[in-house]
Amino acid sequence: MATVLAIETSCDETSVAVVEQRTCLSNVVSSQIPIHRRYGGVVPEVASRQHLETINGTIAEALTLADRDWSEIDGIAATCAPGLVGALMVGATAAKTLAMIHQKPFLGIHHLEGHIYASYLSDPQLQPPFLCLLVSGGHTSLILVKDCGDYQTLGETRDDAAGEAFDKVARLLGLGYPGGPMIDQLAQTGNPQAFALPEGKVSLPQGGFHPYDSSFSGLKTAVLRLVQKLQAEHGNELPELMIADIAASFQQAVAKALTKRAIACAVDYDLKSIAIGGGVAANSGLRQTLTTAAAAKGLQVFFPPLKYCTDNAAMIGCAAADHFDRGHVSSLELGVRSRLPLGSVMSLYGILPNP
Ligand code: KG4
Ligand code: ZN
């Protein structure tokens, strides 16, 4: 059983974990959210500098909490793509340096594969094939998980990611950053039927709509128009209950759109399980809507605990341990990339050419 030290710095969390196969021994997350909040979103340069400040302490803490020393670590992993290049470089450089010093294999990990592996951490019995609904600040994808490193993207967002839509709508409702948790909380007191909002269908050139792709920019614009209309009627400071009703209606529109596509995809591909990953998997409306719809179709849904939904190094370590067991190792010359299709994961181990 491989024990891996993993580093995740693709965006605004500096995280280091020690993972033994599918068991998390430690998972330290140092969040930069309070720092970025004052700018209303992640500032890449600030994120890189902050990762530099915290990385060494976070590595030491993760090892101590796991009660492991370097001799007990088999491999050292870091998220290498996709993400903010400057931020990725901090984690990848730290991992490569440690790999050189301690003479251990280095493994570059695809961030989205990490989100998929969050489900294995919470449900070690989960076996492919299954459908992963990956909903984060940067991605909204329906992924057919066939095996370690073998993925097929069946559905995607055509514009904003689900989390991005939450963040943008929260901003226009004056709720602050990050928007997802704020909307989720406010939606508890609102009426999801208060306002009818569009589902965001993606038209096909031959007519009809794409069954699995989604679009959230139209929904975001519909919320903007709604807010403008309500402000013209009630003044710029909308009553709190009205904002809660908008939040609840928006959250329900997103939850229904994602649920409809995920269920259709699982049924069409004869998959019995749906695993959810990414920060938006924490959303209570999505959890409720999807759980109910899946049960009606006899499908199993796996929701990782919230600590594994948002960015964390434990999920990266879990993916790394599986790759390590299969003999996949990255070159110390591996660079970081802002984008890398999930279908190209194996290029990180020199098994597929770089796309
Ligand atoms: O996976 P993640 O931590 O980072 C990325 O890889 O993007 O996801 C962050 C996103 C943010 O857009 C945040 O607003 C959203 O996840 N999020 C939520 C909730 N918690 C976090 N969205 C909806 N409801 C939540 N409870
Ligand atoms: Zn993420």
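Ligands are counted one by one from 1 in listed order, and the atoms in each one are counted from 1 as well. Computation of the quantities below employed the complete heavy-atom set of this structure, encompassing side-chain atoms and omitting hydrogens, waters and symmetry-equivalent molecules.
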Check: Any luck finding a side-chain donor-acceptor pair between Asp12 and Gln50 under 3.5 Å?
Finding: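 Side-chain D/A pair, Asp12 to Gln50: absent.
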Margin query: Distance alone, cut at 3.5 Å: any donor-acceptor contact between the side chains of Asp268 and Tyr212?
Written below: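 Side chains of Asp268 and Tyr212: pair found under 3.5 Å.
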Notebook entry, point to check: Closest N/O/S atom of His115 to the Zn ion (ligand 2), by atom name?
Noted result: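 That would be atom NE2.
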Next item on the list: Starting from the Zn ion (ligand 2), look over the N/O/S atoms of Asp311 and name the nearest one.
Entry: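 For Asp311, the N, O or S atom at the smallest distance from the Zn ion (ligand 2) is OD1.
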Between [X] and ligand 1, is there a nitrogen or oxygen pair with a distance under 3.5 Å?
X      : value
Gly279 : yes
Pro178 : no
His111 : yes

If the threshold is 4.0 Å, N to carboxylate O, is there a salt bridge linking [X] and [Y]?
X      : Y      : result
Asp160 : Arg158 : no
Arg326 : Asp322 : yes
Arg49  : Glu53  : no

Starting from [atom], locate the nearest protein heavy atom and write down its residue, its atom name and how far away it is, to 0.1 Å.
atom                    : result
atom 9 (C) of ligand 1  : Gly137 N, 3.7 Å
atom 22 (N) of ligand 1 : Gly180 CA, 3.2 Å
atom 2 (P) of ligand 1  : Asp311 OD1, 3.5 Å

Min heavy-atom dist [X] to ligand 1 below 4.0 Å:
X      : result
Gly138 : yes
Glu13  : no
His139 : no

Next item on the list: Check Asp167 against ligand 1 and report side chain, backbone, both or neither, counting heavy atoms closer than 4.0 Å.
Entry: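 Asp167 to ligand 1: side-chain contact only, backbone stays beyond 4.0 Å.
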Margin query: Among Leu258, Val254, Asp184, which residue satisfies the side chain to side chain contact (heavy atoms under 4.5 Å, CB included) criterion with Leu286?
Written below: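 When Leu258, Val254, Asp184 are each tested with Leu286, the side chain to side chain contact (heavy atoms under 4.5 Å, CB included) holds only for Leu258.
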Checklist line | ligand 1 atoms in contact with His115 (distance to a heavy atom under 4.0 Å) | finding: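 The atoms of ligand 1 under 4.0 Å from a heavy atom of His115 are 1 (O), 6 (O).
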